[in-house]
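This report refers to the structure that appears directly beneath it.
All ligand and atom numbering here is 1-based and tracks the order in the structure.
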Amino acid sequence: MSIPENLQRVRAEIAAACARVGRSTDSVHLVAVSKTHPAAFVEQAALKGQVDFGENRIAELEEKRTALQALPLQWHLIGQLQTNKVKLLHGDTILHSLDRISLAEKLQSRFAGERIRCLIQVNCSGEASKSGVDPKEFDALIDAVAARPAIQVMGLMTMAENTHDEIAVRRSFAQLRQFSERLAAQHFFAGYAGWLSMGMSGDFPLAIAEGATHVRIGSAIFGGR
Ligand SMILES: *Cc1c(COP(=O)(O)O)cnc(C)c1O
């Protein structure tokens, strides 16, 4: 299938998942994950109205931004960011992977006097291979982030376990939602938007059922990597 057809099918599946749980389709943003694929693929999706694109490497993101600067795209960095690469981060990018205090410190010095929109990534599944802050260290991280005014926290991000065990997957998504609800109830971050970035090609309907506002979908749109 072509990228336009895949995009149309994914949009229909998002709408169906929203309908099943009584949510409006507008409440879920599709972030098309274009990592490893050429800028021409991004352009094909953009011509079908896709605006949000995700990459997991900053250098690749910046290459595609430059190649496609004529198009009005919103870029999301969804992969781990090394502190020595913070200097490459553009102030318009939305960072989904703020996961440690040293990164918060670097973001503050790079964006002092400005705002950089971030989501805090939480390792809800507890797998050693997954990035994200350990839930036990979440409170220490949010205290450190709250003390750094350049960081505008929009919400939280997680990756569920890659498993057919739907209960385990939903448990991770529900845990992220609960962390976010607590931040919102406490008015912990000024301007907190309650975004929940969760759900990929294999599990996004479950994420939508648990409240995802941003689903990050790659292979279902652009094919295998
Ligand atoms: C690659 C990636 C995705 C998309 O994965 P698919 O299974 O291709 O949809 C989503 N989130 C993150 C953090 C990724 O690295």
Should we count CG of Asp143 as having more than 12 external heavy atoms under 6.0 Å? yes
Considering only protein heavy atoms, which is closest to atom 6 (P) of ligand 1, and at what distance to one decimal place? Ser201 OG, 3.5 Å
Does the side chain of Glu127 reach to within under 4.5 Å of the side chain of Asn162, using non-hydrogen atoms? no
re atom 10 (C) of ligand 1, the protein heavy-atom contact at minimum distance is Met200 SD, 3.3 Å
For the student: nearest non-hydrogen atoms of Phe188 and Ile142, plus distance: CE2-O, 3.4 Å
Which pairs, with at least one residue in residues 16-37 and sequence neighbours excluded, count as a salt bridge (charged side-chain N to carboxylate O under 4.0 Å, His left out)? none
Can you name the atoms of ligand 1, numbered from 1 with element, that are less than 4.0 Å from a heavy atom of Ile217? 9 (O)
Of the side chain and backbone of Lys35, name the one, both, or neither that has a heavy atom under 4.0 Å from an atom of ligand 1. side chain
Contacting atoms of ligand 1, where contact means under 4.0 angstrom from a heavy atom of Arg216: 4 (C), 9 (O), 10 (C), 11 (N), 12 (C), 13 (C)
Can you classify the ring geometry of His96 versus His214 as parallel (below 30°), tilted (30 to 60°) or perpendicular (above 60°)? perpendicular
Mark the output for His96 as yes if a heavy-atom distance to ligand 1 is under 4.0 Å, and as no if none is. no
Contacts of type side chain to side chain contact (heavy atoms under 4.5 Å, CB included), residue Asp52, not counting sequence neighbours: Val31, Gln50, Gln74, His76
Protein contact of atom 12 (C) of ligand 1 - nearest heavy atom, named by residue and atom, plus distance: Ile78 CD1, 3.4 Å
Could you list which atoms of ligand 1 come closer than 4.0 Å to a heavy atom of Gly218? 4 (C), 6 (P), 8 (O), 9 (O)
